[in-house]
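All remarks here apply to the structure that follows.
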Amino acid sequence: MTTVGILGGGQLARMLALSGAPLGLRFLVLDTVGDACAGQFAPLIVGDWRDERALAEFAAKVDVATFDFENVPAESAQWLAERIPVFPNPRALAVAQDRLAEKTLFRELGIPVPEFAAVDSRAGLDAALARIGTPCILKTRRLGYDGKGQFRLRTLADADAAWAALGAQADTVGLILEGFVPFERELSVVAVRGRDGEFRTWPLTENWHVDGVLSASLAPARVDAALAQRAYAHARRLAEALDYVGVFALELFCKDGELLANELAPRVHNSGHWTIEGSETSQFQNHLRAVLGLPLGDTRMVGLACMLNWIGALPEAAPVLREPGGHWHDYGKSPRAGRKVGHATLRADSAQELAAVLQRVGAALGREAQVAPVVAALR
Ligand code: AMP
């Protein structure tokens with residue numbers, strides 16, 4: 001009996017556990033809170049990430065460890081890696097935790113990135129602004145997610161407000177200034193690399209964000225094959241450079257046919273949730289196969305799929321369940337503003353059919369605005 005340990009017990013751990021059940025796997029989750037939603041499907045240890053007693057108990061009970069949460073302190077990941085196999089490796093995790101290290105690596109690998117500069121002080125912000133210009137975005141280097149820890153500067157006059165918002169964090173999590181990319185679309189490559197180096201990607205996905213949080217994903221993205229191949233090549237180069245094992249997502253901006261890398265998510269990713277029903281092997285199952293050294297599954301998809309995120313509270317399920325290609329995911333979380341509480345995946349065999357399904361579901365749920373950009377992309 002193999003037990004997979006997961007650091008972090010949110011919906012990603014929950015979906016990993018669900019997809020691992022047919023493989024006969026057991027799971028153990030470590031989280032800082034007792035009501036983590038993966039705990040509804042797997043035993044849960046409650047403890048701080050730096051609590052050596054909790055880490056030791058976790059290490060003693062699992063065969064291999066992986067992550068649902070990328071901000072587990074790198075030292076805790078390292079402590080575990082000295083005792084049990086940990087995938088992805090702590091170095092990959094550390095790079096992905098720091099926007100500066102991540103963008104520096106992208107650049108070294110020849111993966112184009114937006115302009116960026118480290119910011120350590122108020123004077124440093126002025127120097128970075130002089131180089132990058134406006135519009136731009138000041139971001140925390142670490143611990144930012146879903147658009148949190150970010151401040152957009154439209155003109156140089158916004159510098160004081162940006163510093164007032166984030167300056168206090170310059171000495172703790174660090175800051176980075178990035179040129180604002182007036183992108184036409186946001187894309188992500190969800191990919192998997194096995195212990196033996198085998199590499200696969202799912203079809204490129206197009207994403208729409210609202211207030212920095214993913215709202216909808218469409219696969220395959222409506223882009224030409226050459227652009228998709230470039231995106232896959234970037235993901236492969238990155239995975240090989242980091243000796244990455246498991247699933248990850250590379251988020252990209254597309255502008256004038258060029259791809260610019262935004263960030264690496266070192267784990268299964270929200271823009272890959274459609275793979276549960278939309279592809280031969282889901283990102284969750286392939287992540288488990290990768291970390292266990294099993295053969296990777298086919299990532300081919302049949303038809304098209306759109307994922308709609310439910311943020312804050314779940315809408316009514318029936319309009320989705322009524323659709324032949326409609327699939328519902330309730331994460332078992334209590335409602336809270338800004339919280340990801342579930343998603344739906346709608347599948348269809350043609351763009352026209354998927355657009356019609358989305359319009360029906362959007363109208364029934366009062367979510368016309370959420371489905372509108374996807375419907376427009378399908379036209
Ligand atoms: P992040 O946390 O870096 O993924 O940012 C969240 C969202 O903010 C992204 O998905 C984009 O929609 C937007 N964003 C972040 N960085 C930039 C940028 N340099 N230029 C334009 N939009 C950005």
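Computation of the quantities below employed the complete heavy-atom set of this structure, encompassing side-chain atoms and omitting hydrogens, waters and symmetry-equivalent molecules.
- Scanning for side-chain contact (heavy atoms from CB on, under 4.5 Å) contacts around A318 gives E316, R322, with sequence neighbours left out.
- Rounding to the nearest 0.5 Å places CG of L28 at 4.0 Å from CD1 of I45.
- Pairing each heavy atom of V29 with each of A38, the nearest pair is CG2-CB, 4.1 Å.
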CA sep, side-chain torsions, deciding dist, call: L105, L238, side chain to side chain contact (heavy atoms under 4.5 Å, CB included): CA-CA 8 Å; L105 178 66; L238 184 60; 3.8 Å; yes
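- Judged by distance alone, with hydrogens and angles left aside, the side-chain atoms of R99 form a donor-acceptor pair with the main-chain N or O of T140 at under 3.5 Å.
- W163 has its side chain out of reach of D126: every pair of non-hydrogen atoms, C-beta onward, lies at least 4.5 Å apart.
- In terms of hydrophobic clustering, with Ile, Leu, Val, Met, Phe, Trp and Tyr side chains grouped at heavy-atom distances under 4.5 Å, L177 and L100 are assigned to different clusters.
- Sorted by first and then second residue, the ring-ring contact (aromatic ring centres under 6.0 Å, His included) pairs with a member in residues 227-246 read Y244-F248; sequence neighbours excluded.
- Using a 4.5 Å heavy-atom threshold, the side chains of K103 and N262 count as touching.
- For R83, the CZ atom counts as densely surrounded, since its 6.0 Å shell holds more than 12 non-hydrogen atoms of other residues, nucleotides or ligands.
- When L354, N207, T205, V375 are each tested for a side-chain contact (heavy atoms from CB on, under 4.5 Å) with L218, only one passes: L354.
- Partners of V302 by side-chain contact (heavy atoms from CB on, under 4.5 Å), not counting sequence neighbours: none found.
- For the pair E184 (side chain) and D256 (backbone), a donor-acceptor distance under 3.5 Å is present.
- With R195 contributing its side chain and V291 its backbone, the two residues share a donor-acceptor pair below 3.5 Å.
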field: Working for side chain to side chain contact (heavy atoms under 4.5 Å, CB included), residues R141 and V173
entry: CA-CA 6 Å; R141 275 171 59 178; V173 290; 5.8 Å; no
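- Within a 6.0 Å sphere centred on CD of Q352, other residues, nucleotides and ligands contribute 12 heavy atoms or fewer.
- The salt bridge (charged side-chain N to carboxylate O under 4.0 Å, His left out) test applied to E280 returns no partner, not counting sequence neighbours.
- Within the model, atoms CG of L7 and OG1 of T32 stand 11.5 Å from one another, a figure rounded to the nearest 0.5 Å.
- Here the CD atom belonging to E251 is positioned 13.5 Å from the CG atom belonging to L260, to the nearest 0.5 angstrom.
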Side chains of residues 304-314: which donor-acceptor pairs under 3.5 Å do they make with residues two or more places apart or in other chains?
| residue | atom | partner | partner atom | Å |
| --- | --- | --- | --- | --- |
| N309 | OD1 | N270 | ND2 | 3.2 |
| N309 | ND2 | L214 | O | 2.9 |
| N309 | ND2 | N270 | OD1 | 2.8 |

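- Side-chain contact between L296 and F199 is absent, with no heavy atoms from C-beta onward closer than 4.5 Å.
- A salt bridge does not link R222 with E206: every distance from a Lys NZ or Arg NE/NH1/NH2 to an Asp or Glu carboxylate oxygen is 4.0 Å or more.
- With values rounded to the nearest 0.5 angstrom, L264 atom CG is found 5.5 Å from F106 atom CZ.
- Residues D120 and D171 approach most closely at O-OD1, 4.4 Å, considering heavy atoms.
- Residue pairs meeting the ring-ring contact (aromatic ring centres under 6.0 Å, His included) criterion with at least one partner in residues 112-132, sequence neighbours excluded, do not occur; the list is empty.
- Once rounded to the nearest 0.5 Å, the distance linking CG of L143 with CD of Q97 reads 8.0 Å.
- In this structure a side-chain-to-backbone donor-acceptor pair under 3.5 Å is missing from T299 to R200.
- The shortest side-chain heavy-atom distance between M15 and V268 does not fall under the 4.5 Å cut-off.
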Acceptor/donor pairs from residues 62-73 side chains to any protein atom, 3.5 angstrom cut, sequence neighbours excluded:
| residue | atom | partner | partner atom | Å |
| --- | --- | --- | --- | --- |
| D63 | OD2 | T3 | N | 2.6 |
| T66 | OG1 | F87 | O | 2.7 |
| T66 | OG1 | H287 | NE2 | 2.7 |
| D68 | OD2 | G10 | N | 3.2 |
| D68 | OD2 | L12 | N | 3.4 |
| D68 | OD2 | A13 | N | 3.0 |
| E70 | OE1 | R267 | NE | 2.5 |
| E70 | OE1 | R267 | NH2 | 2.6 |

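- Few gaps surround CZ on R122; more than 12 heavy atoms of other groups in view lie less than 6.0 Å from it.
- Proximity of a side-chain donor or acceptor of Q370 to a complementary backbone N or O of A216 within less than 3.5 Å is not detected.
- Sorted pairs that involve residues 3-40 and meet ring-ring contact (aromatic ring centres under 6.0 Å, His included), not counting sequence neighbours, are lacking altogether.
- With hydrogens and angles disregarded, no donor-acceptor distance shorter than 3.5 Å links the side chain of R131 to the backbone of A127.
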query: Does the pair I276 and F284 meet the rule for a side chain to side chain contact (heavy atoms under 4.5 Å, CB included), with working shown?
result: CA-CA 8 Å; I276 297 175; F284 299 99; 3.6 Å; yes
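- D224 pairs by the side-chain contact (heavy atoms from CB on, under 4.5 Å) definition with A226, L227, not counting sequence neighbours.
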- request: Carefully, step by step, assess L346 and V320 under the rule side chain to side chain contact (heavy atoms under 4.5 Å, CB included).
  value: CA-CA 8 Å; L346 288 316; V320 170; 4.3 Å; yes
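- Between V190 and T275, the closest side-chain pair of non-hydrogen atoms is not below 4.5 Å.
- Across V119 and A128, no two heavy atoms sit closer than the pair CG2-CB, 3.9 Å.
- There is no side-chain donor-acceptor pair under 3.5 Å between Q11 and H273.
- Under a 3.5 Å cut-off, the side chain of R289 and the backbone N or O of P295 do form a donor-acceptor pair.
- Within the 4.5 Å cutoff, side-chain heavy atoms of W274 are placed close to those of P203.
- Under 4.0 Å is where a charged nitrogen must lie from a carboxylate oxygen, and between R50 and D48 no such pair does.
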With a cut-off of 3.5 Å and sequence neighbours excluded, list every side-chain donor-acceptor pair involving residues 357-365.
| residue | atom | partner | partner atom | Å |
| --- | --- | --- | --- | --- |
| Q359 | OE1 | R379 | NH2 | 3.3 |
| R360 | NE | E323 | OE2 | 2.8 |
| R360 | NH2 | E323 | OE1 | 2.8 |

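- Between E240 and R193, the closest side-chain pair of non-hydrogen atoms falls below 4.5 Å.
- Taking CG of L153 as the start and CG of L125 as the end, the distance is 6.5 Å to the nearest 0.5 Å.
- Other residues sharing a hydrophobic cluster with M1 under the 4.5 Å side-chain heavy-atom criterion for ILVMFWY residues do not exist; the residue is a singleton.
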Hey, can you pull the donor-acceptor pairs under 3.5 Å for the side chains in residues 324-332, sequence neighbours left out?
| residue | atom | partner | partner atom | Å |
| --- | --- | --- | --- | --- |
| H329 | NE2 | E277 | OE2 | 2.7 |
| D330 | OD1 | G332 | N | 2.8 |
| Y331 | OH | H343 | ND1 | 2.6 |

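- In this structure, R339 places its CZ atom where more than 12 heavy-atom neighbours from other residues, nucleotides or ligands lie under 6.0 Å away.
- In this structure, L129 and C136 have side chains that are in contact, with non-hydrogen atoms separated by less than 4.5 Å.
- Using modelled atom types, one finds a donor on one side chain and an acceptor on the other under 3.5 Å when comparing S279 with W202.
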